[in-house]
A.B. asks: 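First, the structure itself, so that you have it in front of you.
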Amino acid sequence: MNVGFFGIQFSFGLQQTAVNPIFSFLGAHHDELPLLNLAGPVTGLLIQPIIGAISDRTWSPKWGGRRKPFFLIGAILASLCLFAFPFSPELWFAVGLLWILDAGNNTAMEPYRAFVGDKLPDEQLTFGYQMQSLFVGAGITLANFSLFLFQDWFSVPAEATGLCSTGAEAVTSIPKWVYYSFFLGAIASIGTVMWSVWKTPEIPPSDEELEEITEFNKGKPAPLIQILSVLLVIFSVPVALGYVIGKMVPSLFEDINLWVIIVLIIAFLWLFILYRIIKKNPDKPAIKKLGDVLNPFVEAAEAIGEMPGFLWKLAAVYFFQWYALFVYWQFITPMLRNSLYGISNSDNEKFEGIMEACKEGAVIGAEDMAFAQNVQSLAEQALAQTGLMNGTYNLVTMLVALALVPIASRIGSKLVYVLCLFLTGIAMLSMPYISNQWLLLAPMVLFGIGWAAMMGIPYAMVSKVIPEERRGVYMGIVNMMIVIPMLIQTVSFGPIIKNVLDNNAVNAIVFGGVFFVIAGFLAMRLNISKD
């Protein structure tokens, strides 16, 4: 049942570890990295609840059932993007591919979580989701170790590449050894999902459930039309108004973080207006048709209004937890460049200046060329070290994921979750102050234990407090609790690191560690009533 999650998480592993370094190879600066990751939270915020709501009301035996058609389509889309990603010629191209890749991964992710809940009885939910956590660890582990190993096996010394000899192509190109990890990920993503689709049948709905699904979908457009229509309606007005405001105040296009914040505020207001119009005018034909198109969004909004108190407490924990995780994934490689390999911000600026001169055909002195080649080589080593560290924590996740099940049964899921959040905070706080490549693996053991808990225990706890017939939409809402902190991080952390944290990646990682500790304290409030 969970084999397909391996491929989906291989894709996420490459996204976590390799995408931001690729952005850096293509010329992105530290304070630009958060906003370049806007795709993740936006697609997660929109795609997963919509897909969850639609899959709850879908049954298509021809295409596999209720959930499988969605995660198969998502895996195909993700595989195509993984294959194309290392060929990105410019930063804008890589950012665009990230949007499509994230949409594919999120299309696959939410139905897969609901799929496991559909198949298992309550007494097996913790085991099922921790088994899923094991495959999370396996997929991301292989993705990261492939980066470390391929750099060791296939990297070419910087002095052999002739950084300036072929102009801009050599200056900004992604190292060839990175290609192989993305190709392997493309194969894993589609191959493992197809295995689960083939080997695991879905449980058919009863006659009463099937009749209810048929009645509910009567007169509504096909799922694909619903998805595209929802995205068009949601995006059209905010983007159009944002463009008009940007034209009226041209300085906003220079301060892109502020412009994105304005567009997001307009988007949330627009969604609220749409919801109120649909709920207040149910009898008007045109409004009813709009409500049918936007039904997944309306259902998600209603489910939020009826959300159990436990989920509101979990949302507070998730804000600090996932904000910190996004900081880690964006800044662990820049931190290593500084703390382990000694590349300072001024070194980065000098390197970029040399490369710009290269592109313009200037003659570069031997000393400057040697400096640029050294920085390029160290940057590649930092990416490989990130792969080793991230692979280590995900290997630990694999080893401890199932062991947490009996521990949680004995001492309680809440206590295990709280302790693991504190361990992750300690890991992040200690990383910047360890200057040995191998000793850096010690905090990753703590990080891996925390990641195992984060990827399994909260879902098992949530499954016990949500109505079974709305499992898909509520799992989508739980994902919204993940992506909203990420969305806030993408628009807020660029100015924070630039103006508060001295544009220093080391300070960013420490900041994330503090947030994990806060999340641990908030998790102490997560109590599930015994009935």
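Note that the numbering runs from 1 along the sequence shown for the chain. In this text the structure is predicted, and so the values were computed from the model without any measurement.
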A.B. asks: Taking it one step at a time, do Met481 and Met307 satisfy side-chain contact (heavy atoms from CB on, under 4.5 Å)?
C.D. replies: CA-CA 12 Å; Met481 297 177 188; Met307 200 161 69; 3.7 Å; yes
A.B. asks: Look up atom CD1 in Ile76 and atom OG in Ser189, then write down how far apart they are to the nearest 0.5 Å.
C.D. replies: 9.5 Å
A.B. asks: Would a line drawn from the ring center of Tyr323 to the ring center of Tyr318 be shorter than 6.0 Å?
C.D. replies: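 No, ring centres 6.0 Å or more apart.
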A.B. asks: Quick check: closest heavy atoms across Gly520 and Val418, and the distance to 0.1 Å?
C.D. replies: O-CG1, 3.7 Å
A.B. asks: To the closest 0.5 Å, what do you measure between OG1 (Thr397) and CD1 (Ile140)?
C.D. replies: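 That separation rounds to 7.5 Å.
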A.B. asks: Report yes or no: do Thr386 and Thr17 form a side-chain donor-acceptor pair below 3.5 Å?
C.D. replies: no
A.B. asks: Keeping the roles fixed (side chain from Lys199, backbone from Met1), state whether a donor-acceptor pair exists under 3.5 Å.
C.D. replies: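 Flag not set: sc Lys199 to bb Met1 has no pair under 3.5 Å.
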A.B. asks: Please verify the inter-ring angle class for Phe521 with Phe422; under 30° counts as parallel, over 60° as perpendicular, anything in between as tilted.
C.D. replies: perpendicular
A.B. asks: Ignoring hydrogens, what is the shortest heavy-atom contact between Leu404 and Ala453? Give both atom names and the distance.
C.D. replies: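 Reported closest heavy-atom pair: CD1-N, 3.7 Å.
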A.B. asks: With a 6.0 Å cut-off (strictly less than), is the heavy-atom count around NZ of Lys498, excluding the residue itself, greater than 12?
C.D. replies: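 Count not over threshold, so no.
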A.B. asks: Rounded to the nearest 0.5 Å, what's the gap from CD1 on Ile261 to CD1 on Ile266? Could you check?
C.D. replies: 12.0 Å
A.B. asks: Of all residues at least two apart in sequence or in a different chain, which pass the side-chain contact (heavy atoms from CB on, under 4.5 Å) check with Ala39?
C.D. replies: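 Ala39 satisfies side-chain contact (heavy atoms from CB on, under 4.5 Å) with Leu98, Trp99, Asp102 only.
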A.B. asks: In terms of the angle between their ring planes, are Trp329 and Trp451 parallel, tilted or perpendicular, with boundaries placed at 30° and 60°?
C.D. replies: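 Geometry flag for Trp451 against Trp329: perpendicular rings.
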A.B. asks: When you measure from the side chain of Thr490 to the backbone of Leu35, do you find a donor-acceptor pair of N or O atoms at a distance under 3.5 Å?
C.D. replies: no
A.B. asks: Of all heavy-atom pairs between Phe145 and Leu388, which one has the smallest distance, and what is that distance?
C.D. replies: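 Closest approach of Phe145 to Leu388: CE2-O, 3.6 Å.
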A.B. asks: Please list, one pair per line, the donor and acceptor atoms closer than 3.5 Å that link side chains of residues 503-516 to other protein atoms, with sequence neighbours excluded.
C.D. replies:
unit_1: Asn504; atom_1: OD1; unit_2: Val506; atom_2: N; d: 2.8
unit_1: Asn507; atom_1: ND2; unit_2: Leu501; atom_2: O; d: 3.0

A.B. asks: What do the steps show when you test Phe10 against Asn144 for side-chain contact (heavy atoms from CB on, under 4.5 Å), and what is the final call?
C.D. replies: CA-CA 9 Å; Phe10 195 114; Asn144 284 285; over 6 Å; no
A.B. asks: Quick one: do Leu314 and Leu526 satisfy side-chain contact (heavy atoms from CB on, under 4.5 Å)? Show the steps, please.
C.D. replies: CA-CA 7 Å; Leu314 183 65; Leu526 297 176; 4.0 Å; yes
A.B. asks: Is it the case that more than 12 heavy atoms not belonging to Phe310 sit under 6.0 Å from its CZ atom?
C.D. replies: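 Yes.
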A.B. asks: Specify the closest pair of heavy atoms between Leu33 and Ala28, including all atoms of both residues, with the distance to one decimal.
C.D. replies: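 Leu33 and Ala28 have their closest heavy atoms at CD2-CB, 4.2 Å.
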A.B. asks: Return all side-chain donor-acceptor pairs below 3.5 angstrom for residues 482-489, not counting sequence neighbours, or 'none' if the list is empty.
C.D. replies:
unit_1: Gln489; atom_1: OE1; unit_2: Gln330; atom_2: NE2; d: 3.0
unit_1: Gln489; atom_1: NE2; unit_2: Gln330; atom_2: OE1; d: 2.9

A.B. asks: Quick check: are there more than 12 heavy atoms from other residues, nucleotides or ligands sitting under 6.0 Å from CD of Glu209?
C.D. replies: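 It does: Glu209 CD has more than 12 such atoms within range.
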A.B. asks: Quick one: pull up CZ in Phe447 and OG in Ser430 and give me the separation to the nearest 0.5 Å.
C.D. replies: 11.0 Å
A.B. asks: Between Tyr417 and Val317, does a side-chain contact (heavy atoms from CB on, under 4.5 Å) hold up when you go through it step by step?
C.D. replies: CA-CA 11 Å; Tyr417 187 37; Val317 178; 3.7 Å; yes
A.B. asks: Looking at every heavy atom in both Glu202 and Phe115, which two are closest together, and how far apart are they?
C.D. replies: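 So the minimum-distance heavy-atom pair works out to CG-CE1, 3.6 Å.
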A.B. asks: Between atom CD1 of Ile434 and atom CG of Leu336, what is the distance when rounded to the nearest 0.5 Å?
C.D. replies: 11.0 Å
A.B. asks: Closest heavy-atom contact between Ser196 and Asn2?
C.D. replies: OG-C, 4.3 Å
A.B. asks: Report the distance from atom CG of Leu101 to atom OG1 of Thr43, rounding to the nearest 0.5 Å.
C.D. replies: 9.0 Å
